[in-house]
Amino acid sequence: MIDRTLSSTALRTYWLGRYLERAGSTARLVSVNANLMIDLPALLSLGWMPLVQILSQEEEYLSLYGDRINTGTSAADRNERENNEKTVVKFLLSDQRNPGSLLNALAYARENARTLRGSFPRGAYEHINEAYLSAKDLLQEPLSRSRRNTGLQEIIGHLDLINGFLSSTMLHNASWQFYRLGNFIERADMTTRLIDLRTTNLVKGASDLEPFTVIQWRSVLNSLDSMQNYTISMQNPVNQEDVLEFLLQNDDLPRSLMRCLNTVRNCLRQLPNNTEPLELVNKMRRQLQRARVRSLKDERLHKYVDARQKQLLTLHNKITNQYFPKS
Amino acid sequence: MAINWQTYQADNVWDELIAPNGRARKGGAALKTALGKLDDSELLERRHAAELAIRSMGITFTVYSGEGSDTIDRDWPFDIIPRLVMKTEWDEITKGLIQRVKALNLFIDDIYHKQQIIEDGVLPRQYIDKSKDFRPECMGISPPHGMWAHICGSDLVRGGDGTMYVLEDNLRVPSGVSYMLENREVMKRVFPELFSDYLIHPVDDYPTELAKCLRSLNPNNNRSPQLAVLTPGIYNSAYFEHAYLANAMAAELVEGRDLEVGKDDYLYMRTIQGLVRVDVLYRRIDDSFLDPEVFNPESALGVPGIMRAWRAGKVALANAPGCGVADDKVIYTYVPDIIEYYLGEKPLISNVPSYRCVEKDHRDYVLDNLDKLVVKPANESGGYGMLIGPKASKKERDQFARQIRANPRNYMAQPMLNLSTSPTLIDANAEPRHLDLRPFILSGANHYVTTGGLTRVAMRKGSIVVNSSQGGGSKDTWVVDPQ
């Protein structure tokens with residue numbers, strides 16, 4: 001059977017998947033970071049800037065707010081970090097000038113969904129539209145912390161609903177595969193970013209600080225909605241070695257790098273002319289299976305994760321070249 | 001408080017629901033009673049529910065803000081009180097509309113072949129020679145079934161004496177049908193109980209009928225033709241409709257850049273698996289943008305070579321290029337003659353009496369009576385560029401008089417019609433507002449007419465401008481059996 005999915009439709013569907021996934025990640029990041037602030041003593045707190053770093057948006061942030069990336073340890077630095085919560089949260093969630101803000105991700109998703117009404121189930125646009133409209137209402141004014149948290153949970157709920165709705169109503173055809181490719185490449189990207197940043201900024205030093213290292217790893221797990229899964233799968237208290245193995249190599253965890261790569265492979269196998277991207281993703285899977293990720297530390301860990309991110313970018317480019325319109 | 005029917009008064013016009021004696025017209029009693037039972041808060045609640053439904057369903061239309069290329073996506077304006085049409089009357093109207101599109105298609109086919117109607121002296125040649133929408137490139141082409149205007153939207157209005165008239169025929173790329181379908185969906189969501197009082201004829205077979213009509217145009221001999229809807233893109237005012245119809249017909253929604261014409265003159269779309277042939281293209285862009293090789297060379301919306309593919313009979317285009325020649329407000333004045341000429345029948349639905357500014361005695365009358373007439377340019381749509389004499393200032397009328405003298409071929413005039421009204425929810429009460437009705441007529445291997453159509457209503461008191469781009473709203477249109 002001939003697949004009639006338009007190249008331009010495939011492109012917009014893929015980006016719809018990425019934008020929606022990104023919106024969810026951003027909402028979880030902000031929500032989890034707020035908890036981390038509560039759990040870490042002020043002395044160790046890194047404040048909100050790491051979130052901007054995770055999303056590689058330092059440049060945009062600095063150009064808009066003229067701040068600096070503040071990771072200093074002096075009292076003044078800590079004080080300033082307390083104060084930048086408002087600007088960072090605004091920047092990440094609602095600032096229309098930031099192309100990567102949650103609200104903009106949802107706006108782009110909605111624009112894409114609008115152009116995809118021809119190939120998506122009818123209710124999909126309604127749900128995506130609802131998610132955007134409720135986020136817009138919610139993020140219009142500065143929020144109290146508790147209202148913000150319920151609001152973010154609402155948005156995450158909308159996004160989960162969209163995925164569930166699509167999964168149970170949409171034809172699992174080529175369009176669906178492109179949607180999932182967008183989802184899982186974005187997700188793999190986020191998982192590796194989170195590991196990278198928390199590693200770089202991890203509290204180091206005396207053993208009495210160890211409980212706080214654990215808190216930081218817990219926050220990584222929470223950001224990926226994976227704390228409960230960790231407990232069930234690893235049967236161990238939170239520690240770096242197990243967390244790394246779990247987030248990178250676990251076959252069953254929906255947000256692990258391995259699971260993302262497996263899903264990407266399954267999607268590609270349903271598509272025509274898949275040789276190039278499929279070969280790459282299989283190579284990535286083999287490498288990941290063999291890697292001794294438990295023992296990775298500091299600089300080596302950073303280098304390892306960085307190389308995975310570069311591969312993900314190459315994968316994205318191969319998919320683009322193979323299926324999307326030549327611009 | 002509730003709707004106060006005692007004070008409801010439609011002054012000197014025909015009201016669709018309430019007769020001059022204050023009682024409901026035939027078939028309208030149940031609606032009047034049901035609405036009368038709702039108190040203010042219930043009425044406003046329903047209206048709010050409708051607004052919410054429209055917002056969440058994403059039923060929007062786009063208006064141009066006039067500054068640069070900025071556009072605004074607005075929620076579709078909707079009035080929750082439906083407009084009733086009796087089935088018996090609708091059956092007569094249906095016959096009249098089919099008669100009209102049959103004649104119009106014969107006319108277009110004649111114009112692009114022998115031009116017999118001109119030879120026989122029924123239509124002066126100058127109207128074709130000077131028509132903006134006559135396309136010499138279409139001469140000698142014979143589309144399937146001899147049909148050119150496959151989708152036609154004719155605007156119906158009712159005058160003060162209750163007579164239905166055709167105000168104009170939109171044959172190029174008429175829009176609005178998706179709103180007809182969505183209005184019904186919204187009504188079902190917000191007023192489900194009203195539906196139990198009536199046997200309301202459904203409207204939702206339109207996409208199926210449209211797909212059937214388009215398939216019947218397939219010039220290639222494959223049994224399941226590939227259909228596609230060509231849209232100018234997301235910034236077009238009718239984009240919502242393009243996507244809606246493509247979705248409902250399971251056709252691909254394409255833009256010009258998704259398409260190409262091959263060396264073999266077939267039309268192809270670019271898919272993830274390479275090129276796939278398109279057999280029938282429902283194009284929603286104007287002729288002039290269709291093919292930069294033939295028409296506007298600047299057009300980035302169209303497809304280079306598509307006219308070649310169409311002329312070679314390798315793709316069907318709906319509507320066919322060139323059919324706008326019959327969608328000209330001066331040609332409109334000849335439609336009764338066109339019906340008689342081709343079908344030998346009397347028109348079943350009347351034209352609004354019209355004056356052609358190109359004819360001296362008509363023109364003199366128009367210029368002397370500008371304060372009583374509505375003057376329309378031959379080739380505009382959306383209510384643009386017209387003069388509503390009785391509401392215009394002296395300065396505006398003088399300016400129009402100059403325009404008419406300078407280019408009489410481009411204008412026709414009609415007496416100002418007292419458009420009929422129907423109860424419309426204003427605050428928490430019903431007030432009469434003027435409206436029209438746009439049914440859609442399909443012509444392929446067979447003809448089909450929508451059940452009712454899109455009712456557009458002027459929300460401003462006394463206004464007769466119903467276009468949504470100019471503050472008009474809409475209503476669900478119920479074709480019902482009289483009780």
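Each chain gets a letter, A, B and so on, in the order the sequences are listed, and its residues count up from 1. These figures come from a predicted structure and were not determined experimentally. Quick note: numbers below take in every heavy atom, side chains included, and nothing from hydrogens, waters or symmetry partners.
Counting heavy atoms of neighbouring residues, nucleotides and ligands inside a 6.0 Å radius, atom CG of D264(B) exceeds 12 of them. Heavy atoms of other residues, nucleotides or ligands lying less than 6.0 angstrom from CZ of F289(B) number 12 at most. Heavy atoms from other residues, nucleotides or ligands lying under 6.0 Å from CZ of R97(A) number more than 12. In H172(A), the NE2 atom is crowded: over 12 heavy atoms of neighbouring residues, nucleotides or ligands sit closer than 6.0 Å. Dense packing is recorded around CD of Q287(A), with more than 12 heavy atoms of other residues, nucleotides or ligands lying under 6.0 Å away.
Counting only distance, with no hydrogens or angles, the side chain of S7(A) and the backbone of T271(B) share a donor-acceptor pair below 3.5 Å.
Across all non-hydrogen atoms, the minimal contact from N129(A) to R55(B) is ND2-O, 2.8 Å. Here the shortest heavy-atom pairing between N273(A) and Q273(B) reads ND2-CA, 4.2 Å. Here the closest non-hydrogen pair linking E126(A) and R189(B) is OE2-NH2, 3.4 Å.
Remark: Y244(B) OH to Y125(A) OH distance equals 15.0 Å, nearest 0.5 Å. In this structure, OG1 in T5(A) is found 4.5 Å from CD1 in I272(B), a value given to the nearest 0.5 Å.
Residues F120(A) and N247(B) have side chains not in contact (no heavy-atom distance under 4.5 Å, counting atoms from C-beta outward).
Taking 4.5 Å as the heavy-atom cut-off, the residues of residues 252-263 of chain B that approach chain A are E252(B), L253(B), V254(B), E255(B), R257(B), D258(B), ordered by number.
For a residue to count as touching a neighbouring chain, one of its non-hydrogen atoms must lie under 4.5 Å from one of that chain's; by this rule L271(A) touches chain B with the side chain only.
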